[in-house]
Amino acid sequence: MFRFRSLLDFWNHFFFEEKTTEGISLFRILWMMIIFMHYLFDLSNISDFYGPHALTSIQTVKEQFPFFHANLFHLSNGGYEFTYGLALIYGIALITSIFGLYTRISIITVLLCMTSFHQRNIWLLSSSEVLMRTITLLLIFTPCGHSFSIDSLISFRKRKWPIWGTRLIQIQLSVVYLWTAWHKLKGDTWIDGSAVYYATRLEGFTNNTLPFVLDSILFLKLATWGTLIVEMALGSLIWFSEFRKPLIYLGIIFHLGIEYLMSIPFFELYMIALLCLFFTPEEIRMMVSKASSKLKAIFQKPFQVKVS
Amino acid sequence: MSRGKKIIISAFIVFNFLSMIRVHVPMETKLFSTIYKPVDLYLSFFSIYQDWMMFAKNPSRTNSYLTADIEFIDGSIETFHFPKSSELKHFEKYKFGERYRKIISEGIITSNKKFLWKDAARFSLRKMKETQFARIPKRVFLKKHTFVIPEWKSQFIPHYSKNKIYQSTIFYTHEVI
């Protein structure tokens, strides 16, 4: 009985403690900005990937996914008018999400458009897009429009809110790390230290090189085992206050390293944004005030003109 | 927050936990398949089945790319090269390189996604028509080119090495006329 009571207390504290909404609101801006960047990159692909003359035809998609799901393309014949119209709505919804105007409705619209485009040609997509859909869906349930938003300027929004929505996103991030580490532990190349060697020799993923380093067996082995350790730590130890901050920084370096070496568009940026959600609102407030005072100092510096 | 609200939200949280582990839950037992019916509806509606198997259990060891040989009625053959991520600039990789890599290496050239073959052949025809608009195509041969990375102990390939010998196989013929 006592144990059940303490479990209940823990649950209540963990999910229903009221916290300021600044953290999740800043995350909304960061998340939506990355998606907007992704969207801009994808605009030039409409003809090849989503339009009526795309690599996969709308008929194939309808045959493969005949069940009820969030794909607005199923309501049309997939013509250019519909595709560009949907892209326009998607873009507008992304902008209003960034600025926090009708935030929840905007995010729901973003999710619907995003899912439709993804389902239009799902065979093109990888983990980045699954992450996009999963997190954007969870974001709908958070008070991410309560701070740093037009919504909060035009009407009163509570600045403190139960944290359960943010917790779900944080748990989702842990699940990503823990599942991937778990699967890798079942593979022999991750155990014998050769996995990073094979992954970096896949031509489709190569981005930049590190002369000598990526040809050193010792480095390749350390990078393989290091990946497992970092992923396991990021999925578990990040929840403990002693490790949280160093792990956030380690995670950011880890993802920037992958971004430099491998071409997995946007995935690392999404993961870095998610890691930032582990900063406390106080830490975020401090970072924002530091950044703004630095910016002020830069702009208030008088110009010096040297006269010889 | 009222107790009723907390119970509803807690149920939603548990529902999300269940969805996060869905792919790894054995569905043979009746209990699980019953519990997961609503979860499956939710997951398939938003297409958010998640396995997070990036480079797991082992990274793939096959490099691949795709070309389409288009035969015209005069007997001549032109080759359309589907974009190959490794030959693109950084910006192009971000824009479309990874997407072509994904659909080609894990879709079109695999035997379990035969339904993509016809579309890929027609796509190459449309692309070819942009430059060869006056010529009449007769058939399209989809050709996959693969290179399996050898065991690192038997042959160590330096990073960024380009001299790999690919094996080419025609796996689909599309008759135009």
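Chain letters run A, B, ... following the sequence lines, proteins first, then strands; residues in each count from 1. Predicted, not measured: the structure shown is a model, and the values here were computed from it.
For B/Arg126, the part lying near chain A is the side chain, with the backbone staying farther off; criterion is any non-hydrogen pair under 4.5 Å. For a residue to count as touching a neighbouring chain, one of its non-hydrogen atoms must lie under 4.5 Å from one of that chain's; by this rule B/Tyr160 touches chain A with the side chain only. Within the 4.5 angstrom heavy-atom criterion, atoms from both the backbone and the side chain of B/Lys6 approach chain A. Contacts of A/Asp48 with chain B are made by both backbone and side-chain atoms, with heavy-atom separations under 4.5 Å. Residue contact with chain B, scored on non-hydrogen atoms closer than 4.5 Å, involves the side chain of A/Phe15 exclusively. Residue A/Leu40 does not touch chain B at all, counting heavy-atom pairs closer than 4.5 Å. Of the two parts of A/Leu138, only the side chain, counted from C-beta on, holds a non-hydrogen atom closer than 4.5 Å to a non-hydrogen atom of chain B. Only the side chain of A/Phe16 comes within contact range of chain B, with at least one heavy atom under 4.5 Å from a heavy atom of that chain. Heavy atoms closer than 4.5 Å to chain A are found nowhere in B/Glu87, neither backbone nor side chain. For chain A, no part of B/Lys118 is nearby; none of its heavy atoms comes within less than 4.5 Å. If you measure heavy-atom distances from B/Leu41 to chain A, you find no contacts under 4.5 Å at all. Of the two parts of A/Ser126, the backbone and the side chain both hold a non-hydrogen atom closer than 4.5 Å to a non-hydrogen atom of chain B. For a residue to count as touching a neighbouring chain, one of its non-hydrogen atoms must lie under 4.5 Å from one of that chain's; by this rule A/Leu112 does not touch chain B. Proximity to chain B (any heavy atom under 4.5 Å) is shown, for A/Leu202, by both the backbone and the side chain. In this structure, chain B has a heavy atom under 4.5 Å from the side chain of A/Ile122, while its backbone stays farther away. With a 4.5 angstrom heavy-atom cutoff, B/Ser64 does not touch chain A via any of its atoms. For a residue to count as touching a neighbouring chain, one of its non-hydrogen atoms must lie under 4.5 Å from one of that chain's; by this rule A/Met37 does not touch chain B. Within the 4.5 angstrom heavy-atom criterion, atoms from both the backbone and the side chain of B/Phe156 approach chain A. Interface residue A/Ala54: only backbone heavy atoms are found under 4.5 Å from chain B. Using a 4.5 Å cut-off between heavy atoms, A/Asn207 touches chain B through backbone and side chain atoms alike. Using a 4.5 Å cut-off between heavy atoms, B/Ser10 contacts chain A through both its backbone and its side chain. Residue A/Glu63 does not touch chain B at all, counting heavy-atom pairs closer than 4.5 Å. Interface residue B/Pro150: only backbone heavy atoms are found under 4.5 Å from chain A. Residue contact with chain A, scored on non-hydrogen atoms closer than 4.5 Å, involves the side chain of B/Arg101 exclusively. Both the backbone and the side chain of B/Ile157 come within less than 4.5 Å of a heavy atom in chain A. For A/Gln59, no part sits under 4.5 Å from any heavy atom of chain B, backbone or side chain.
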Task: side-chain hydrogen bond (donor to acceptor under 3.5 Å, both in side chains) evaluation trace for A/Asn45 with A/Asp42 - done: CA-CA 5 Å; A/Asn45 295 329; A/Asp42 226 10; 2.8 Å; yes
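Within 6.0 Å of CH2 in A/Trp182 there are 12 or fewer heavy atoms belonging to other residues, nucleotides or ligands.
For the pair B/Thr34 (side chain) and B/Lys30 (backbone), a donor-acceptor distance under 3.5 Å is present. In terms of modelled atom types and a separation under 3.5 Å, the side chain of B/Arg22 and the main chain of B/Tyr36 share no donor-acceptor contact. In terms of modelled atom types and a separation under 3.5 Å, the side chain of B/Asp69 and the main chain of B/Thr79 share no donor-acceptor contact.
Between chain B and the options A/Phe267, A/Trp179, A/Phe141, the largest number of non-hydrogen pairs under 4.5 Å is found for A/Trp179. In terms of non-hydrogen atom pairs under 4.5 Å with chain B, the most contact-rich of A/Thr227, A/Ile264, A/Leu131 is A/Leu131. Of the listed residues A/Thr209, A/Val175, A/Thr115, the one with more heavy-atom pairs under 4.5 angstrom with chain B than any other is A/Thr209. Taking chain B as the reference chain and counting heavy-atom pairs below 4.5 Å, the highest number among A/Gln119, A/Gln172, A/Met114, A/His118 is found for A/Gln172.
Relative orientation of the B/Trp117 and B/Phe171 rings is perpendicular, given thresholds of 30° and 60° on the angle between their planes. Taking the six-membered ring where the residue is Trp, A/Tyr50 and A/Phe117 present perpendicular rings, their angle passing 60° and hence far from 30°. Note: A/Phe266 and A/Tyr270 have tilted aromatic rings, judged against thresholds of 30 and 60 degrees for the angle between ring planes. Between B/Phe123 and B/Tyr100, the angle of the ring planes lies from 30° to 60°, which puts this pair in the tilted group. Between B/Tyr65 and B/Tyr166, the ring planes lie perpendicular to each other; the angle is over 60°, past the 30° to 60° tilted range. Note on ring orientation: taking the six-membered ring where Trp is involved, the planes of B/Phe17 and A/Trp11 are perpendicular (angle over 60°, cut-offs 30° and 60°). Using cut-offs of 30° and 60° on the angle between ring planes, the pair A/Phe65 and A/His69 is tilted.
Heavy-atom neighbours of chain A within the stretch residues 127-144 of chain B, taken at a separation under 4.5 angstrom, comprise B/Lys127. Against chain A, the residues from residues 42-54 of chain B that qualify, each with a non-hydrogen atom under 4.5 angstrom away, are B/Tyr42, B/Ser44, B/Phe45, B/Phe46, B/Ser47, B/Ile48, B/Tyr49, B/Gln50, B/Asp51, B/Trp52, B/Met53, B/Met54 in number order.
Taking the ring centre of A/Phe49 as origin, the terminal cationic atom of A/Arg120 falls outside the region bounded by 6.0 Å and 45° from the ring axis.
Under a 4.0 Å N-O distance rule, the pair A/Glu203/B/Lys164 qualifies as a salt bridge. Taking 4.0 Å as the cut-off between side-chain N and carboxylate O, B/Lys89 and B/Glu92 do not count as a salt-bridged pair. Of the charged side-chain nitrogens involved, none lies within less than 4.0 Å of a carboxylate oxygen, so that B/Lys113 and B/Glu106 do not count as a salt-bridged pair. Note on A/Asp215 versus A/Arg201: salt bridge recorded, some NZ/NE/NH1/NH2 to OD/OE distance being below 4.0 Å.
A distance of 9.0 Å separates CD1 of A/Ile163 from NE2 of A/His13, quoted to the nearest 0.5 Å. Between atom CD1 of residue A/Ile171 and atom CD1 of residue B/Ile13 there is a gap of 7.5 Å, rounded to the nearest 0.5 Å.
Side chains of B/Thr67 and B/His81: no donor on one and acceptor on the other come within 3.5 Å. A/Thr180 and A/Lys184 form a side-chain donor-acceptor contact under 3.5 Å, judged by distance and modelled atom types alone. Side-chain atoms of B/Asp119 and A/Thr56 form no donor-acceptor pair, as typed in the model, at a separation below 3.5 Å.
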Under 3.5 Å, sequence neighbours excluded: what are the donor-acceptor pairs made by side chains of residues 186-195 of chain A?
from: A/Asp188; atom 1: OD1; to: B/Asn58; atom 2: ND2; distance (Å): 3.0
from: A/Thr189; atom 1: OG1; to: B/Asn58; atom 2: OD1; distance (Å): 2.5
from: A/Trp190; atom 1: NE1; to: B/Phe55; atom 2: O; distance (Å): 2.8
from: A/Trp190; atom 1: NE1; to: B/Lys57; atom 2: O; distance (Å): 3.3
from: A/Asp192; atom 1: OD1; to: A/Ser194; atom 2: N; distance (Å): 2.9
from: A/Asp192; atom 1: OD1; to: A/Ser194; atom 2: OG; distance (Å): 2.7

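B/Lys93 is linked by a side-chain hydrogen bond (donor to acceptor under 3.5 Å, both in side chains) to nothing, counting only residues two or more places apart in sequence or in another chain.
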